[in-house]
Number of protein chains: 2
Amino acid sequence: MSYTVSEENYIKRIYHLQQETGLVNTNSLAAEMQTRAASVTDMLKKLKTKKLLQYEKYKGFKLNEAGKKAALDVVRKHRLWEYFLVEKLQFDWDKVHAIAEELEHISSEELVQRLDNFLGNPSFDPHGDPIPDRNGKIPVINQQNLGTIPLKKIVTVSSVGNQSAEMLDMLKHYHIALGTPISVLKRFEFDGSLEIKVLHRNACIISEQVAKNVFVHDVQ
Amino acid sequence: MSYTVSEENYIKRIYHLQQETGLVNTNSLAAEMQTRAASVTDMLKKLKTKKLLQYEKYKGFKLNEAGKKAALDVVRKHRLWEYFLVEKLQFDWDKVHAIAEELEHISSEELVQRLDNFLGNPSFDPHGDPIPDRNGKIPVINQQNLGTIPLKKIVTVSSVGNQSAEMLDMLKHYHIALGTPISVLKRFEFDGSLEIKVLHRNACIISEQVAKNVFVHDVQ
DNA sequence: AATAAAATTTAGACAAATCTAAAAATATTA
DNA sequence: TAATATTTTTAGATTTGTCTAAATTTTATT
């Protein structure tokens with residue numbers, strides 16, 4: 001089965017929203033898609049007809065198994081292309097999202113598989129997000145956000161929650177990238193900000209909001 | 001200026017047709033695009049409004065300078081992606097056309113320039129067609145079809161005229177690829193077929209139709 | 001529970017790109 | 001050159017994805 005660009009975009013967004021909230025509602029999807037609630041309703045009818053969606057009028061909706069697999073196919077393509085753009089074409093990681101949004105809709109199955117092999121079958125994209133395999137299986141990693149790590153413990157940055165250009169720009173400024181060794185020196189109770197130490201850098205302070213979006217795992 | 005996928009496809013086809021015939025007419029473009037003459041007329045009006053086309057009703061049409069530049073941008077992307085698919089992803093050269101038809105519409109200028117650099121700024125695509133540079137300048141090469149080459153002279157295959165999957169499949173069977181050294185041993189006047197010798201292969205016979213689509217240049 | 005507010009859906013419209021059928025213009029030929 | 005054939009354009013319809021405004025349903029509040 002293949003889908004239009006618009007269908008794929010809706011499917012992908014619904015997938016991400018239902019990861020957080022279970023059932024998805026019309027207005028939140030409209031906000032994510034930067035469109036109107038009426039347009040969402042129109043598309044929901046189409047996706048239900050194509051048997052990708054559990055949906056009852058006024059009751060919310062979520063992808064069924066077929067819908068989730070379709071979403072994971074798009075997510076897989078998006079993240080493989082992001083990996084390509086950063087690792088092969090040397091793009092900065094905060095510049096690749098929009099381009100990957102276009103590339104993810106290229107339809108050839110064989111292209112995706114060859115790209116995957118060419119890249120060395122990576123498990124995580126440049127933002128640390130897991131890349132589903134061709135069957136939709138997602139690699140797991142034990143990670144916590146920086147705010148929960150014991151003081152002085154050295155850990156490795158594994159992914160970033162908020163992936164806005166603004167956030168990625170800020171992390172670049174702090175010299176925080178995937179794989180960066182990092183430790184928390186002090187927690188300020190006043191506003192939850194943290195004094196941190198990045199390898200080879202002076203200690204500095206990050207806000208609680210930043211800390212919650214930096215995910216880390218134990219050093220291997 | 002950026003264009004829709006449909007506009008880009010029309011622009012590209014008009015470019016190729018006008019290379020052969022100067023002025024292009026509605027029916028031949030409709031045939032190339034596998035659409036109806038009425039649809040072509042509709043698009044011609046749009047392209048004229050966007051000042052890409054010299055067009056007078058019933059009189060035929062051709063791209064102006066802006067139109068040609070737009071066409072060359074698409075051709076450049078198409079050929080760079082074909083090069084990528086064959087040289088990096090190891091696709092057979094007869095399998096890449098359809099995928100490149102999708103990739104050529106990805107819009108990022110920076111992507112194209114980085115891809116070009118990543119590939120080593122190639123001058124010719126896997127079918128031997130020249131790749132325009134970012135300014136639309138096309139590399140030239142002195143080439144003739146196999147039918148016009150003196151007997152026994154060893155030349156190098158530089159490009160292929162007819163790029164249908166059928167033709168490319170046939171050339172694969174003859175072990176003719178770009179860069180293959182080749183010579184003509186005998187010309188049969190009866191039907192114009194040629195006995196040829198491909199390096200490391202037994203002599204064999206190709207039809208006049210094949211010969212006319214195999215372009216060669218002098219060995220460097 | 002009645003009413004107000006919020007969320008969602010329906011109805012009807014629009015733009016892009018296509019189509020069919022018919023009309024108009026041009027080209028061919030007897 | 002008049003009749004015929006071919007090519008091209010116009011007129012109007014269709015599909016996809018979107019929109020606005022109004023109607024409906026659900027949820028929250030007094």
Side-chain angles (χ1 to χ4, degrees), chain A residues 1-15 17-18 20-63 67 70-71 74 101-102 104-107, chain B residues 1-14 17-18 20-63 67 70-71 74 101-102 104-105 107:
Chain A
M1 210 32 174
S2 87
Y3 307 104
T4 68
V5 169
S6 187
E7 287 168 347
E8 288 191 346
N9 283 330
Y10 273 93
I11 293 166
K12 188 180 58 167
R13 289 285 174 214
I14 296 169
Y15 178 81
L17 284 175
Q18 81 182 36
E20 292 164 16
T21 61
L23 268 193
V24 184
N25 53 300
T26 305
N27 271 351
S28 56
L29 181 53
E32 281 282 320
M33 300 286 303
Q34 315 216 65
T35 187
R36 301 308 179 128
S39 309
V40 170
T41 303
D42 290 342
M43 182 57 83
L44 293 177
K45 287 181 195 160
K46 274 185 65 177
L47 297 179
K48 188 182 186 187
T49 305
K50 296 199 173 189
K51 299 197 191 307
L52 297 171
L53 211 59
Q54 284 174 239
Y55 168 49
E56 273 183 278
K57 272 170 41 167
Y58 296 103
K59 296 288 164 62
F61 48 90
K62 63 179 181 184
L63 298 172
V74 180
E101 291 274 300
E102 288 189 67
E104 73 190 7
H105 303 294
I106 304 292
S107 58
Chain B
M1 209 28 169
S2 86
Y3 307 104
T4 68
V5 169
S6 186
E7 286 167 347
E8 288 191 347
N9 283 329
Y10 273 94
I11 293 166
K12 188 180 58 166
R13 289 285 174 215
I14 296 168
L17 283 175
Q18 83 182 35
E20 292 164 16
T21 62
L23 267 192
V24 184
N25 52 301
T26 305
N27 271 350
S28 57
L29 181 54
E32 281 283 319
M33 300 288 300
Q34 316 216 66
T35 187
R36 302 307 179 129
S39 309
V40 169
T41 303
D42 291 342
M43 181 58 81
L44 292 177
K45 288 181 196 161
K46 274 184 65 178
L47 296 179
K48 187 180 186 186
T49 305
K50 296 198 172 190
K51 300 197 190 308
L52 297 171
L53 211 58
Q54 285 175 239
Y55 167 49
E56 273 183 277
K57 273 171 37 168
Y58 296 102
K59 297 288 165 64
F61 48 89
K62 63 180 181 184
L63 298 173
V74 180
E101 291 274 299
E102 288 188 67
E104 73 191 8
H105 303 294
S107 58

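Numbers restart at 1 for each chain; the letters A, B, ... are given by sequence-line order, proteins then strands. This one's a predicted model, so the numbers in the text were calculated from it and none came from an experiment.
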Expressed as a whole number of angstroms, how long is the span from [X]:[atom1] to [N]:[atom2]?
X: B/M43; N: D/dT8; atom1: CE; atom2: P; answer: 18 Å
X: B/K45; N: C/dT18; atom1: NZ; atom2: C1'; answer: 14 Å
X: A/D42; N: C/dT8; atom1: CG; atom2: P; answer: 15 Å
X: B/E7; N: C/dT18; atom1: CD; atom2: P; answer: 10 Å
X: B/F61; N: D/dT9; atom1: CZ; atom2: C1'; answer: 13 Å
X: A/E56; N: C/dA7; atom1: CD; atom2: C1'; answer: 17 Å

side-chain N/O [X] vs [N] OP1/OP2, d < 4.0 Å:
X: A/T41; N: C/dT9; result: yes
X: A/T4; N: D/dT16; result: no
X: B/Y10; N: C/dT18; result: yes
X: A/N25; N: C/dA7; result: no
X: B/R36; N: C/dT18; result: no

Could you measure the distance from the OG atom of A/S6 to the CE atom of A/M33? Nearest 0.5 Å is fine.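 Going from OG on A/S6 over to CE on A/M33, the span is 6.0 Å.
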How long is the span from the CD atom in A/Q54 to the CG atom in A/L63, to the nearest 0.5 Å?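 One finds 9.0 Å between CD of A/Q54 and CG of A/L63.
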From C/dT10, D/dT9, D/dT10, pick the nucleotide closest to the side chain of B/L44?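 From the listed options, D/dT9 comes nearest.
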Between B/K48 and B/E56, is there a side-chain N and carboxylate O pair less than 4.0 Å apart?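 So B/K48 does not pair with B/E56 through a salt bridge.
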Show the numbers, then the answer: is there a salt bridge (charged side-chain N to carboxylate O under 4.0 Å, His left out) between A/R13 and A/E8? CA-CA 9 Å; A/R13 289 285 174 214; A/E8 288 191 346; over 6 Å; no
When you compare the protein's N or O atoms with those of nucleotides 23-26 of chain D, which come within less than 3.5 Å of each other, and at what distance?
from	atom 1	to	atom 2	distance (Å)
D/dT24	O2	A/Y58	OH	3.4

Do B/S28 and B/N25 have a side chain donor and acceptor closer than 3.5 Å?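 Note: B/S28 and B/N25 side chains meet the donor-acceptor criterion.
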When you measure from every atom of DNA chain C, which of residues 26-34 of chain A have a heavy atom less than 4.0 Å away?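 Residues of residues 26-34 of chain A that come under 4.0 Å of DNA chain C are, in numerical order, A/T26, A/N27.
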When the nearest nucleotide of DNA chain D is assigned to A/S6 and to B/V40 on a heavy-atom basis, which residue is associated with the more 5' position?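 By nearest-heavy-atom nucleotide position, the 5'-most residue is B/V40.
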Contacts of type side-chain hydrogen bond (donor to acceptor under 3.5 Å, both in side chains), residue A/E32, not counting sequence neighbours: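 A/E32 satisfies side-chain hydrogen bond (donor to acceptor under 3.5 Å, both in side chains) with no residue once adjacent residues are dropped.
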